[in-house]
There are 2 protein chains.
Amino acid sequence: MAATDARARILEAACDLIAADGIDAVRIARVATRARASTSLVHHYFSTREELLEEALVHSYEQVGDERFGDDPESRTATGALAEAIDECLPLPGAQERGWVLWVELWLRAVRSPELRPVAVRLYGRYSEWMQSVIRAGVESGEFRSGVDTEAAARTTMALIDGFGVRCLIRDPNMDLERARSLVARELAAELGIEIESLVVRPMEV
Amino acid sequence: MAATDARARILEAACDLIAADGIDAVRIARVATRARASTSLVHHYFSTREELLEEALVHSYEQVGDERFGDDPESRTATGALAEAIDECLPLPGAQERGWVLWVELWLRAVRSPELRPVAVRLYGRYSEWMQSVIRAGVESGEFRSGVDTEAAARTTMALIDGFGVRCLIRDPNMDLERARSLVARELAAELGIEIESLVVRPMEV
DNA sequence: CGCCTTCTTGACTTTGTAGTCAAGTGCCAC
DNA sequence: GTGGCACTTGACTACAAAGTCAAGAAGGCG
């Protein structure tokens, strides 16, 4: 029905604007315009701006999580799946950069709003589970050396991705996406006992 | 004289509020109150809010940089200096957490405001130089194994610190400061050919 | 048909805040 | 002293944006 349709449009518009301009810069009037609705309609569905933004944020993070950690790998090999995983987590232009920006925004707000921390922590939990499962698959299939501490490997990989990813995000000339990828791959290859080339040969999907 | 004094007070107040509440939440009236001045006085020194915030930000980042990368290590040994360096870069409660929050705020804004990117990049440059110099000192003194790729070691260390640090910042129950420290130390110890214990024995300064 | 509910609107009110203005105060130079 | 200059103030204006309200479509159901 048209009802829920308008509501969904408003929420979607709010998410777009949050990612584009930052939460604080989101104006109800702009959300309304983008959702082809009046400001009153926005207020009909969400009594306050705060309420709208809160729901939009949660919606955004679910979406970011699903995008990144949801889909199955295309590769048949665990090594290929791992290479895909790394690429999916770096701030490639487009949807992934958008996801990254929301992610950073969440870090920042979680510091100041304790009620947001569980959202961030949950997202890290999904991230970690997913990364561990990719690595575990390779250990079980025998592609990676046996005895790998899956949890530790995943944790380090995530930290490296986050650390290098941020530098890509700010367009640090000393750190572009290719470099971030190969640096993460190097550490991981050493840890898993595979050749670094097997992780970085593919062209980067943009 | 009293003139520059008031101006400095205003700038300092603005920095405090930026760190505490985020840039967008900073109100001129609040800055004025905190600096024991009138809003008109704020406008006397800074014609627009934008101008005030811009100057306050630059001031903040210089300060964060100086605090973190400025002072000489207390330890005589390179290993001790490195341990200190790691601790200084993690978001310990107090001044360092404040610095971290500003840092994250900068990441976020640099994405959207290209003119801020050089500020962020410069800060990373200082960070990198400083970290490299600590490591290089240890290589030269013979404490660390020879042939260490100083730049690579510094780069990885920074990425790990940033990656783990963020998780400490959001109070992820799976990542506290002690753990972040020991994980960074483990990687670094392996890379530099020293014992991990030599990097983590000291109690954490809080 | 005609009523009732849900969705939708435009016009209005209120509030918080950036920025202006004209006047006042103290201090230094001459 | 007095004229001028840098600093400081309170009162005011202008404006943007959140939120209210009463009334108007649209659509199902007796």
Side-chain angles (χ1 to χ4, degrees), chain A residues 1-60 101-102 105-106 108-109 112-113 115-116, chain B residues 1-60 101-102 105-106 108-109 112-113 115-116:
Chain A
M1 51 179 85
T4 36
D5 191 60
R7 192 175 194 281
R9 268 184 359 246
I10 290 169
L11 217 43
E12 196 54 37
C15 291
D16 288 348
L17 291 178
I18 287 174
D21 306 333
I23 298 184
D24 295 305
V26 173
R27 300 284 156 249
I28 290 186
R30 296 246 234 117
V31 172
T33 305
R34 177 173 260 262
R36 284 159 305 157
S38 63
T39 61
S40 307
L41 190 55
V42 175
H43 274 107
H44 174 71
Y45 290 109
F46 306 92
S47 51
T48 68
R49 174 174 174 275
E50 204 58 27
E51 201 181 308
L52 164 65
L53 292 181
E54 192 182 314
E55 196 163 329
L57 264 188
V58 171
H59 186 257
S60 293
V101 175
L102 284 167
E105 187 114 38
L106 180 61
L108 192 60
R109 303 191 92 81
R112 299 184 179 120
S113 316
E115 69 275 15
L116 272 178
Chain B
M1 51 179 86
T4 39
D5 190 61
R7 192 175 194 284
R9 270 188 352 250
I10 290 170
L11 218 42
E12 196 54 36
C15 292
D16 288 347
L17 290 178
I18 287 174
D21 306 332
I23 298 184
D24 295 305
V26 173
R27 300 284 157 249
I28 291 187
R30 297 245 232 116
V31 173
T33 306
R34 177 172 260 262
R36 284 158 304 155
S38 63
T39 62
S40 306
L41 190 55
V42 175
H43 274 108
H44 175 71
Y45 290 109
F46 307 92
S47 52
T48 67
R49 174 174 174 274
E50 205 57 28
E51 199 181 309
L52 165 64
L53 292 180
E54 194 181 313
E55 195 162 331
L57 264 188
V58 171
H59 185 258
S60 294
V101 174
L102 284 167
E105 188 111 35
L106 180 61
L108 191 59
R109 304 192 92 81
R112 299 185 179 121
S113 315
E115 69 274 15
L116 271 177

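Letters A, B, ... mirror the listed sequences (proteins, then strands); counts begin at 1. Values below: all heavy atoms of this structure, side chains included; hydrogens, waters and symmetry mates excluded.
Residue pairs meeting the salt bridge (charged side-chain N to carboxylate O under 4.0 Å, His left out) criterion with at least one partner in residues 37-46 of chain B, sequence neighbours excluded, are absent. Counting only residues at least two apart or on different chains, the salt bridge (charged side-chain N to carboxylate O under 4.0 Å, His left out) pairs with a member in residues 36-58 of chain B are B:Arg7-B:Glu55.
Protein atom CZ of A:Arg36 is 15 Å distant from nucleotide atom C1' of C:dT8, rounded to whole Å. As a whole-Å value, the separation of A:His44 NE2 from C:dT8 C1' is 8 Å. Atom CG of A:Asp24 and atom P of D:dA18 are 12 Å apart (whole Å). The separation between B:Leu41 atom CG and D:dA6 atom P is 15 Å, rounded to whole Å.
Under the rule for a side chain to side chain contact (heavy atoms under 4.5 Å, CB included), the partners of A:Ala37 that lie at least two apart in sequence or sit in another chain are A:Leu41. By the side chain to side chain contact (heavy atoms under 4.5 Å, CB included) test, A:Ser113 is found to be paired with A:Glu115, A:Leu116, residues two or more places apart in sequence or in another chain being considered.
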> Which letter, B, S or -, goes with each nucleotide of nucleotides 16-22 of chain C from 5' to 3', with contact meaning a protein heavy atom under 4.0 Å?
Replying inline: -SSBB--

Would you tabulate the side-chain donor-acceptor contacts of residues 18-30 of chain B under 3.5 Å, counting partners in other chains and residues two or more places apart, or write 'none'?
from    : atom 1 : to       : atom 2 : distance (Å)
B:Asp21 : OD2    : B:Arg30  : NH1    : 3.4
B:Asp24 : OD1    : B:Arg109 : NH2    : 3.4
B:Arg27 : NH2    : B:Asp24  : O      : 3.2

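B:Arg34 places no side-chain N or O within donor-acceptor distance of the main-chain N or O of B:Ala13, the cut-off being under 3.5 Å.
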